[in-house]
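Beneath this line is the structure, given in structure tokens, with notes to follow.
Here is how names work: the chains are called A, B, and so on, in the same order as the sequence lines, proteins then strands, and each is numbered from 1.
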Protein chains: 2
Amino acid sequence: MTTAETAVEAIQREMTIFARRARASAGRMHPELSLVSYTLLGHVEESGGCRAADLAAHYALDKSTVSRQVTALERAGLIERRVDPEDHRVQVLHLTEAGAEILAQVTLSRRAAFRERLANWPEEDLTRFARYLERYNAGPATAADPD
Amino acid sequence: MTTAETAVEAIQREMTIFARRARASAGRMHPELSLVSYTLLGHVEESGGCRAADLAAHYALDKSTVSRQVTALERAGLIERRVDPEDHRVQVLHLTEAGAEILAQVTLSRRAAFRERLANWPEEDLTRFARYLERYNAGPATAADPD
DNA sequence: CGTTCTAGTTGTATAGTACAACTTGAACTG
DNA sequence: CAGTTCAAGTTGTACTATACAACTAGAACG
């Protein structure tokens, strides 16, 4: 086996480990927010207001799933739905103040966890690792994400 | 923000993206095998026969969850339970021939997917990326995996 | 013995998901 | 412009993975 093949296997193995851990912790990421609702909330913030259908498309989720997540986030007071005056079928989603706060808080606590985990890494390794991950994720969707 | 902080944020962001994709595809990784059952099956193979309690401990799953997964894998004919003659409470799990075949096949198809995704990477980047992932996963369990 | 520990199963509940059927509103078309 | 088709969301239903708690069966210990 070539060096490159060995490396690919190691990448596969480590990505699988990470994916498994991710899966295990996704539901209890934060008392307030699961991994899914965190990412949805984050997208609503970044986009500055988007539709449920945008979330479904972006995250490859069924519209019914998004509908229920949105319902839950609204019940929790983290987002609000504003009916588009141009098209009454559309609800534009916005963070509430509470939603923005929680999102910021969760982002900070996640960041602190990552910082801690990466605390002893030399800067050069951090930047290279970040570049590799970006490159990996930017790749075409294949069975390796992480199928 | 320092360069290192920027890199940590990028790592967090990319790991979150990966975790979300992992979660989305974990259930439909392969017609035969979900991500969880794949890893369980892999562990049974590596260990050369282990108990359900070992799997639960290793993957931080409840014993009831493992019990049901094992039941499903047995129903599918991929593993068999052998009652330990020394201790009748214990069932030692072994791959069946079919289980070993399916596991090998899934491993190959996953490897092919990773290979394809990483096809254009220079060997040096592959080995460095692999080292970074290993180092990341080897770190102490924290909220960043990927909590 | 009988108490306590261990391995695993089963009952029950919850979260997240998909698919299908439906509702409502918009847009297009003869 | 009426009728059809398209689009955005919701709701009904079902399934999977999960956890926790209660239980069963067997082992160990004293």
Without decimals, in angstroms, what is the distance between B/D62 CG and D/dA19 P? 5 Å
Would you say A/V36 and A/Y59 are hydrophobically clustered, going by side-chain heavy atoms of ILVMFWY under 4.5 Å? yes
Would you kindly give the CG-to-P distance between B/L55 and C/dA7, to the nearest whole Å? 13 Å
Whole-Å distance, A/L33 CG to C/dA15 C1', equals 14 Å
Can you list everything that forms a salt bridge (Lys or Arg N to Asp or Glu O under 4.0 Å) with B/E9? Sequence neighbours excluded, please. A/R111
Options D/dT18, D/dA17, D/dG26, nucleotide nearest the side-chain atoms of B/D87: D/dG26
If you take any heavy atom closer than 4.0 Å to DNA chain D, which residues from residues 64-84 of chain B end up in contact? B/S64, B/T65, B/R68, B/Q69
Between C1' on C/dT24 and CD on A/Q91, what's the gap in Å once rounded to a whole number? 11 Å
Rounded to whole Å, the CZ-C1' distance (A/R51 to C/dG25) equals 14 Å
Rounded to whole Å, how long is the line connecting atom CG of B/D54 with atom C1' of C/dT6? 13 Å
Of the options B/E45, B/E80, B/R81, B/R82, which is the one that meets B/H94 in a side-chain hydrogen bond (donor to acceptor under 3.5 Å, both in side chains)? B/R82
Spacing of B/K63 atom NZ relative to C/dG11 atom C1', expressed in whole Å: 14 Å
Of all heavy-atom pairs linking B/T96 and B/I79, the shortest is CG2-C, 3.6 Å
Within the 3.5 Å criterion, strictly below it, is a donor on B/R128 or A/Y132 matched to an acceptor on the partner's side chain? yes
Report yes or no: is there a donor-acceptor pair, N or O only, under 3.5 Å between the side chain of A/R89 and the base of C/dT24? no
Which residue lies toward the 5' end of DNA chain C, A/P85 or B/V92, if each is placed at its nearest nucleotide? B/V92
What pairs with A/E101 under side-chain hydrogen bond (donor to acceptor under 3.5 Å, both in side chains), at least two apart in sequence or on another chain? none
Any side-chain donor-acceptor pair under 3.5 Å between B/S67 and B/S64? no
Take atom NE2 of A/H88 and atom C1' of D/dC6, then tell me their distance rounded to the nearest Å. 18 Å
